[in-house]
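Only one structure is covered here, and it is reproduced in the block below.
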Number of protein chains: 2
Amino acid sequence: MFESLPFVSVCQSSADAEKLNIFAALQNFYARKGALHVVEIVSNLQRKFKALWTYTVNLKQLSEYLNLSQTTVSRALNGYPEVNENTRNRVLKAAQDLNYRPNTRAKGLATGRALAIGHVIPVSNQHEMVNPVFGDFIAGAGEAYARAGYDMMLTLVPDQEEVRAYQDIKARGTVDGIIVHGPVINDERIALLLRIGLPFVVHGRSTDVNLPYSWIDVNNRGAFERGTQFLIELGHRRIALLNGLEHMDFAFRRRKGYENALRNHGMSPDPALMRSEEMTEVYGYRAAKEMLARDLPPTAFVCSSIITAIGVRRAVHEAGLVLARDVSIITHDDALSYLENGDDVPIFTALRSSVRYAGGEAAEMLLSLIASPKHAPKSRLLEAELIIGRSTGPAST
Amino acid sequence: MFESLPFVSVCQSSADAEKLNIFAALQNFYARKGALHVVEIVSNLQRKFKALWTYTVNLKQLSEYLNLSQTTVSRALNGYPEVNENTRNRVLKAAQDLNYRPNTRAKGLATGRALAIGHVIPVSNQHEMVNPVFGDFIAGAGEAYARAGYDMMLTLVPDQEEVRAYQDIKARGTVDGIIVHGPVINDERIALLLRIGLPFVVHGRSTDVNLPYSWIDVNNRGAFERGTQFLIELGHRRIALLNGLEHMDFAFRRRKGYENALRNHGMSPDPALMRSEEMTEVYGYRAAKEMLARDLPPTAFVCSSIITAIGVRRAVHEAGLVLARDVSIITHDDALSYLENGDDVPIFTALRSSVRYAGGEAAEMLLSLIASPKHAPKSRLLEAELIIGRSTGPAST
DNA sequence: GAATCACTCCAAAGCGCTTTGGATGTTTGA
DNA sequence: TCAAACATCCAAAGCGCTTTGGAGTGATTC
């Protein structure tokens, strides 16, 4: 009997949205005739059809289907008050049924907002390394964006082209604001972005920039001062610092903290025990190996990354020494999901601060900045937690 | 003398684009009067002004500035032939001068293309871990996109909402195609995306899906077969496998490779020596610690991740054993930039395949798929390289 | 009974771009 | 010499949405 019904033509029709319209029309038609069993059949077919096909309608089609103007439908969907509640419900149901999704580009063009946030990652030619912290930061931020209905855009910017790139981002209008990653000392981008007028939040800060801008950062100086002091109190006197690249603001601050702690205890930093490089495992291994071979080797290491700390551990083992007994290690720990520092008992004594949490907070901050642009810049200083693990002990030598 | 010139008003004018117009007008004005030194002055001012301010014009303003229609300007900029070469050059110069950038949303709306690629990262509630591979993959892909003028969008999709999310992506029209990350065995997303008609490339493959789709993958089975065989040839008989989660396709294939190698040499896989978990350091440590405490401990480990291998190394040291002499480790190595496996001498004997390279290739593949949608799906199988490092040696026991 | 008001709804303009379908003048070919 | 064939350019429509400025009802007010 199915062949005799008009739905055969439905299935041959080309546009999906049209098919759905026809299904609806069929139901109306038979309903008006009182042929409820046929309505039932059509409705079942429609359901199966829906499960199988993936169609989409636009506002115009939706409004035609509803016999309403686009204005009313748009208002109903966006929660404006000048719509009858019955009408609104009809609209919402139809939008659901017809699988309506507003086109982002059109919406953006009409409203002037992009409903997207950009993440700008500086890539330099010399240092090909991708910041390992990035994935977790993004994960934290992504959740916040998703909740707010924002998209997330990524842009890799070669550091020679920064000015051009940021102008581009602003002018092309693909995002409403950006998160600035990897700030260096005296970072030019901040002044640039303020001038351009693109809302932004810096993940980190920039020493020597005296402009009002929004940021979220870990108290790197404080953390490293605390960590170094912890080692000093355990009796360590020769404490090495394996830092990240010190043109990066975070690394600069960590060195300051380290030096502060030494000076506060009447010691002065020994350049021979201080390194500043890309924070890899091999870097930690090599630096530690060299230093441990000195006449007066360090008895403790302060590392800027858990990966570097792993390298130090390798060197310590290789030298036949025992961690915590012969050599102590304390490291910064970004609480990366794939590099957890042990579980109940931490492997390394660490200064821990979740970068994922920071990502979420940075996102929230930026979103609220975009929502109320007149507000003064916000900032947030996170404290790293000192976690006692099994990599530190009293100085032996 | 400057105060007497009209440019004072220029600097008070509000719209930046307008200012530039006035500068240009000023120059024309004085040029026509023959006052070339004033033209010079204005031009200098303009240059300084440009360096300091960041303005942007849209097509309309640009075309008014040029006394041309928007049509002609658009065509000139997009390389259409029906424009006089002189006109085109004038347009290009003006676009440069006025710092014109086409609005992406408008362009996208008009052309129907988004000039953006989406990366969809499944996030599950149970496994909060962010794939450490992701950053490097993105870095590789990002370069390819930048070259082609594409943007990159990130979407975190909770795995319960997959169907909805992908429909959304298609309907909202923010991207022209997507890269699918983290395929599992019999991954539903592939059929879904084919039905939706959104171009995509899978990073990895999906066993049991017999549909034509595009993918790029490492020969995981082959690599692990090779690696295991390498250990067998060194005399190892009790070889443990510390795999990733085996509902993930890559892990499933790795197990197959491992088992193949064993069987090919008349051995059968021992469930007690096989684990499948999220690939963390602690996982490697714990599993190795337990296994090494057995009556007949394994003499070698095959790991799915360098991070896990590091955990195994820790357990080996802690047990007072020596790597390569007492226990061998071979691991998969994604050649992550922040987790390099040593330098000249690799730390671990490894099956190496650069995920960054894969990212670049995946991106190129997707872009060409979008450029010519009629083409058949493409695929690419990358071979992992066996790198002999210092973590393997002949079986001792 | 006219004026006001609240409630619903709509037509049309506009966001910034591309693209169609000419219009205008200039060469070319037989 | 006249039509056909370029070579250049433009006006206007359209992409899918929001939003302005009403219009058309009844109901309420004075």
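On a predicted model such as this, the values are computed, not experimentally measured, just so you know. Below, each value reflects all heavy atoms present in this structure, side chains not excepted, and no hydrogens, waters or symmetry copies. Proteins come first, then strands; the chains are lettered A, B, ... in the order of their sequence lines, and each starts at number 1.
- With hydrogens and angles ignored, the 3.5 Å screen pairs no side-chain donor or acceptor of B/Asp176 with any backbone N or O of B/Arg113.
- Listed nucleotides: C/dG16, D/dT19, C/dT18. Nearest to the side chain of B/Ser74: C/dT18.
- Separating the CD atom of B/Gln70 from the P atom of C/dC15 is a distance of 11 Å, rounded to the nearest angstrom.
- Nearest heavy-atom pair across A/Arg88 and A/Ala76 is NH1-O, 2.9 Å.
- Atom P of nucleotide D/dG16 and atom CG of A/Leu59 are separated by 10 Å, given to the nearest angstrom.
- When distances are taken from the side chain of A/Ser69 to each of D/dT18, C/dT19, C/dA11, the shortest belongs to C/dA11.
- When the side-chain nitrogen and oxygen atoms of B/Thr87 are compared with OP1 and OP2 of D/dC9, one or more of them lie within a distance under 4.0 Å.
- The distance from atom CD of A/Glu85 to atom C1' of C/dT8 is 12 Å, rounded to the nearest whole Å.
- Looking at A/Tyr145 and B/Leu154, their side chains never come closer than 4.5 Å, going by heavy atoms from C-beta outward.
- When distances run from any side-chain atom of A/Leu68 to the nucleotides C/dC9, D/dC17, D/dC10, the shortest one goes to C/dC9.
- At the phosphate of D/dC10, OP1 or OP2 sits under 4.0 Å from a side-chain N or O atom of B/Thr72.
- Note on A/Arg75: a base of the nucleic acid sits closer than 4.0 angstrom, heavy atoms only.
- The separation between B/Glu64 atom CD and D/dC9 atom P is 18 Å, rounded to whole Å.
- Side-chain contact between A/Leu59 and A/Pro102: absent, with no pair of heavy atoms (C-beta onward) separated by less than 4.5 Å.
- B/Asn84 has a side-chain polar atom (N or O) that falls below the 4.0 Å cut-off from OP1 or OP2 of D/dT8.
- Between B/His203 and B/Val180, the closest side-chain pair of non-hydrogen atoms is not below 4.5 Å.
- Residue A/Lys107 places at least one side-chain N or O under 4.0 Å from the OP1 or OP2 atom of D/dT18.
- Distance CD (B/Glu82) to P (C/dT26): 19 Å, rounded to an integer number of Å.
- Heavy-atom distances to DNA chain D give each of B/Arg88 and A/Pro102 a nearest nucleotide, and the one nearer the 5′ end belongs to B/Arg88.
- Comparing C/dT18, D/dT18, D/dC17 by their nearest atom to the side chain of A/Asn58 picks out D/dC17.
- Of the candidate nucleotides D/dT18, C/dT18, C/dG16, C/dG16 has the atom lying nearest to any side-chain atom of B/Ala106.
- If you take CG of B/Asn86 and P of D/dA7, they are 15 Å apart, rounded to a whole angstrom.
- Other residues, nucleotides and ligands place no more than 12 heavy atoms under 6.0 Å from the CD atom of B/Glu188.
- Below the 3.5 angstrom threshold, one finds no donor paired with an acceptor across the side chain of B/Thr71 and the base of C/dT18.
- Applying the 4.0 Å criterion to OP1 and OP2 of C/dT19, one finds that B/Tyr80 has a side-chain N or O inside that range.
- If you measure from atom CG of A/Asn78 to atom P of D/dT18, you get 5 Å, rounded to the nearest angstrom.
- Taking atom CZ of residue A/Arg113 and atom C1' of nucleotide D/dC17, one finds them 13 Å apart after rounding to whole Å.
- A/Arg101 comes within 4.0 angstrom of sugar-phosphate atoms only, judged by non-hydrogen atoms across all strands, and of no base.
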